[in-house]
Number of protein chains: 2
Amino acid sequence: MKQKESGCCASKHQKMERFLEISLLMLLFDKKGYGYGLIEQLEDFGFTSEDLNIGSLYRSLRKLADQGLVSSVWEDAGQGPKRRVYTITAEGKDELHNWIPILKERKSRIEQLIETYEKKSSDTQGDKK
Amino acid sequence: MKQKESGCCASKHQKMERFLEISLLMLLFDKKGYGYGLIEQLEDFGFTSEDLNIGSLYRSLRKLADQGLVSSVWEDAGQGPKRRVYTITAEGKDELHNWIPILKERKSRIEQLIETYEKKSSDTQGDKK
DNA sequence: CTTACTATATGCACATTGAATATAGTCATT
DNA sequence: AATGACTATATTCAATGTGCATATAGTAAG
């Protein structure tokens, strides 16, 4: 039967690629932000300049906008070029809310993998080496 | 500087696609297994028949074999067709070992997202609705 | 004017993925 | 031994996702 595209958190498959999108929604949850400026804020979620690609960032923001999860306006920054400033929508907040249980499940799956490894590797501790 | 392809856990980017590969290595850690039979064992790690694709499974096993992380032989099952039975190699065990800290980091990143959400959503609890 | 920086956006080649399909041996029934 | 159901492995294909490089352009400093 599958859960089909139920509007929320579409895509039954648990892809980690979406981690960036979720992180962006999280950052925008309580205050607006713009692409370039969000980069350093993403460090709070473990993104480093090495593994964060600027192109992917802008594409993700566009994708979120296309889905209606954020809205954007051009704002004059006073200093430097204008910025496309993003604000989360009510739909975006719903989407984020719906992602939480999925994140929790994913977390427990990772936990189980770690626990399984620790159990298995201690069982074979008396091996060679 | 980046960590480059340091032999272990190659690919600096934390892709969740590899979750299947890691799960397979985990299952093969202490006993051999074959493709079709591993499917139900994967349920222990949260894979369901809906989100597990048989084609991806065989491709992952082949990929692991290409990397030298598992080896395979054809075995007569007594019942039914022959099976390509996989066994983890020493390199495969090393790879799995090296993945553990990465899994732990990933887990803590997810935890932080969840905690951040719970904090933020409680801050705005007095909103509408 | 030119250089450096901020900021957004796009093009392209490549990798991953799900779904469908292919291949083929085995088993039970007739 | 012919049929059909099932086990088991493997491959093709189209769609999507990705990193990297590059394009575009406004602003600031000299």
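Within every chain, numbering begins at 1; the chains are lettered A, B, ... in the order of the sequence lines, protein sequences first and strands thereafter.
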Give the rounded distance in Å between these two atoms: [atom1] of [X] and [atom2] of [N].
| X | N | atom1 | atom2 | result |
| --- | --- | --- | --- | --- |
| B/Tyr36 | C/dT26 | OH | C1' | 13 Å |
| A/Arg83 | C/dT6 | CZ | C1' | 8 Å |
| A/Leu57 | D/dG17 | CG | P | 16 Å |
| A/Leu61 | C/dA9 | CG | P | 9 Å |
| B/Ile39 | C/dG18 | CD1 | P | 13 Å |
| A/Arg62 | C/dT10 | CZ | C1' | 10 Å |
| B/Tyr58 | D/dT11 | OH | P | 12 Å |
| A/Asp66 | C/dT10 | CG | P | 11 Å |

**OP:** From the options C/dA7, D/dA10, D/dA8, select the nucleotide whose nearest atom is closest to the side chain of B/Trp74.
**Re:** D/dA10
Original post:
Looking at D/dG17, D/dT9, C/dT8, which one has an atom nearest to any side-chain atom of A/Lys63?
Top reply: D/dG17
**OP:** Locate the shortest heavy-atom distance separating A/Leu38 from A/Leu28; write the atom from each residue and the value.
**Re:** CD2-CD2, 4.3 Å
Answer yes or no: is there a donor N or O on one side and an acceptor on the other, between the side chain of [X] and the main chain of [Y], under 3.5 Å?
| X | Y | value |
| --- | --- | --- |
| A/Ser60 | A/Glu21 | no |
| B/Lys120 | A/Met26 | yes |
| A/Arg109 | B/Phe45 | yes |

**OP:** Report the relative orientation of the aromatic rings in A/Phe19 and A/Phe47; use parallel for angles under 30°, tilted for 30 to 60°, perpendicular for over 60°.
**Re:** tilted
[N] phosphate, OP1 or OP2, under 4.0 Å from [X] side-chain N/O:
| X | N | value |
| --- | --- | --- |
| B/Ser56 | C/dG18 | yes |
| A/Tyr34 | C/dA7 | yes |
| B/Arg59 | D/dT9 | no |

Original post:
Centre of A/Tyr86's six-membered ring, under 6.0 Å away, within 45 degrees of the axis: is that where NZ or CZ of A/Lys32 sits?
Top reply: no
Original post:
What one-letter contact string describes nucleotides 21-30 of chain D from 5' to 3', where B marks a base within less than 4.0 Å of any protein heavy atom, S marks contact via sugar-phosphate atoms alone, and - marks no contact?
Top reply: -----BSS--
Original post:
Out of A/Glu115, A/Glu118, A/Glu111, which one pairs with B/Lys104 under the salt bridge (Lys or Arg N to Asp or Glu O under 4.0 Å) rule?
Top reply: A/Glu118
